[in-house]
2 protein chains.
Amino acid sequence: MSKSQLTLTPVETAACCSPLMREPLSADQAERLAPLLKALADPVRLRLVSIVAASEGGEACVCDLNDAFDLSQPTISHHLKVLHEAGLLDRTKRGVWVYYGVRREVLADVAALIGGAA
Amino acid sequence: MSKSQLTLTPVETAACCSPLMREPLSADQAERLAPLLKALADPVRLRLVSIVAASEGGEACVCDLNDAFDLSQPTISHHLKVLHEAGLLDRTKRGVWVYYGVRREVLADVAALIGGAA
DNA sequence: TCCATATATTGATGAATGTCTATGTCCGAG
DNA sequence: CTCGGACATAGACATTCATCAATATATGGA
C-alpha cells in the first residue's frame, strides 16, 4: 500500500475531459479524494507545497521552510506532517536535516480529477 | 467583482506546466486559493459537484440532490450554500425549484493551479 | 385565501483544526 | 561523552465544521 494511493479507479487519469464531470464520483472515490484536498486547503500548506515544488530538485529543507513563515517551528512541522501523511510530500532525512519533496503524480492526479480539461 | 474571482494573477491559467511548481505562491494567492479547496475538501460536497457537473445541462435540482444522499435536507442545503458562496456553483430559482450549476472555469482554474501538467 | 411542497435559516452539539509553549529525540562536533 | 542545533511530539486552547431537529420563507394550486 504505497504508490499513488489515490488511484481511485485505474481510469480517470487517462480520460480526456474533466473526469469529475462525465459521471458522478462514487462515495468511495469522494472519500479518498477529499483528504487530499483537505490537506491542500490551507494557505500555509499551499505555500509550503509550492515552495517545495519550486525548489531546485523539487526538495526543500525544513530549516528553509521555517524561515518563510511567521509561524512557530512546531506549527510548520505539523503542517508538513499533514501533507506527508496525506501522501503529497516525501520525507528524507540527510544528516541533521530533513528534506521534503513533492509527489507530482499525486498532485497531477488530484488536478485531473478536479478540473480535467473542462 | 464577479467573474472568475480566483484570477490570482492573470498569468497562471495560460502557463503550460504546473503553475504552482514554477514559482512559490504568494501569501495572497494562497489565501485566495485555499477557500476554494476547502469548499471542495469534503466527500459530500465533492459528490454534489460531480453529480451537478455530470447532469445534462450541467445543472441539477436540489430535490434530486437530496435523494442522492443519506443526509438531512438542511445538511445538503448547507453544503450547497458553501459551494455557492465559494463561487463553485451557480444558483437559479425556477418556480418552486432551485437548480445548481457548476462553474467549470473556476474548477478548471483551481485544477490548473494545483496540478498544471506536471 | 389557505394549504402543501420545496428550499433556506436557526440553534445546538460533538468532532476536528490551527496555533502556541514546553519538552523530547536524534545527530554531528568537539 | 557531552553539548548544541534541527526537527518532532505532547498537551492545551480557541475556533471552525458537519450534522441534526425545528422552524421560517416562498411558491403554485385548490
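Chain letters run A, B, ... following the sequence lines, proteins first and then strands; every chain starts at 1. Only a predicted model underlies this, so the values are computations on that prediction, with no experimental measurement involved.
- B:Ser77 places no side-chain N or O within 3.5 Å of a backbone atom of B:Pro74 that could act as its donor or acceptor partner.
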Pairs under 3.5 Å (N/O, protein and nucleotides 17-24 of chain C):
unit_1 : atom_1 : unit_2  : atom_2 : d
C:dG18 : OP1    : A:Arg45 : NH2    : 3.0
C:dG18 : OP2    : A:Arg45 : NH1    : 3.2
C:dT19 : OP2    : A:His79 : NE2    : 2.3
C:dC20 : OP2    : A:Ser72 : N      : 3.0
C:dC20 : OP2    : A:Ser72 : OG     : 2.9
C:dC20 : OP2    : A:Thr75 : OG1    : 2.6

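- Side-chain contact between A:Val44 and A:Phe69 is present, with heavy atoms from C-beta onward closer than 4.5 Å.
- When atom types are taken as modelled, the side chain of B:Arg104 and the backbone of B:Ala53 share a donor-acceptor pair closer than 3.5 angstrom.
- Regarding A:Tyr99, its OH atom lies at a distance of 13 Å from the P atom of D:dA8, rounded to whole Å.
- Pairs engaging residues 78-102 of chain A under the salt bridge (charged side-chain N to carboxylate O under 4.0 Å, His left out) rule: A:Glu59-A:Arg94, A:Asp90-A:Arg103 [sequence neighbours left out].
- Put simply, the side chain of A:Leu46 reaches to within 4.5 Å of the side chain of B:Leu37, judged on heavy atoms.
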Below 3.5 Å between N/O atoms, which protein atoms pair up with nucleotides 25-30 of chain D? Just atom names and distances, please.
none

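- Between A:Leu88 and A:Val102 there is no side-chain heavy-atom pair separated by less than 4.5 Å.
- Put simply, the side chain of A:Ser26 gets close to the backbone of A:Gln29: a donor and an acceptor are under 3.5 Å apart.
- Rounded to a whole Å, the CG atom of A:Asp67 is 14 Å from the C1' atom of D:dG5.
- Inter-residue side-chain proximity for B:Leu36 and B:Leu40 is flagged as unmet; no heavy-atom pair is nearer than 4.5 Å.
- Distance A:Asp64 CG to D:dC7 P: 9 Å, rounded to the nearest Å.
- Note: CG (B:Leu80) to P (C:dT9) measures 11 Å, nearest angstrom.
- The distance between atom NZ of B:Lys81 and atom C1' of D:dC17, rounded to the nearest whole Å, is 14 Å.
- Atom pair B:Phe69:CZ and D:dC20:P shows a separation of 12 Å (rounding to whole Å applied).
- B:Leu37 has its CG atom 19 Å from the P atom of D:dT16, to the nearest Å.
- Using modelled atom types, no side-chain atom of B:His79 and backbone atom of B:Arg45 make a donor-acceptor pair closer than 3.5 Å.
- At C:dA8, one or more side-chain N or O atoms of B:Tyr100 fall inside 4.0 Å of OP1 or OP2 (strictly under the cut-off).
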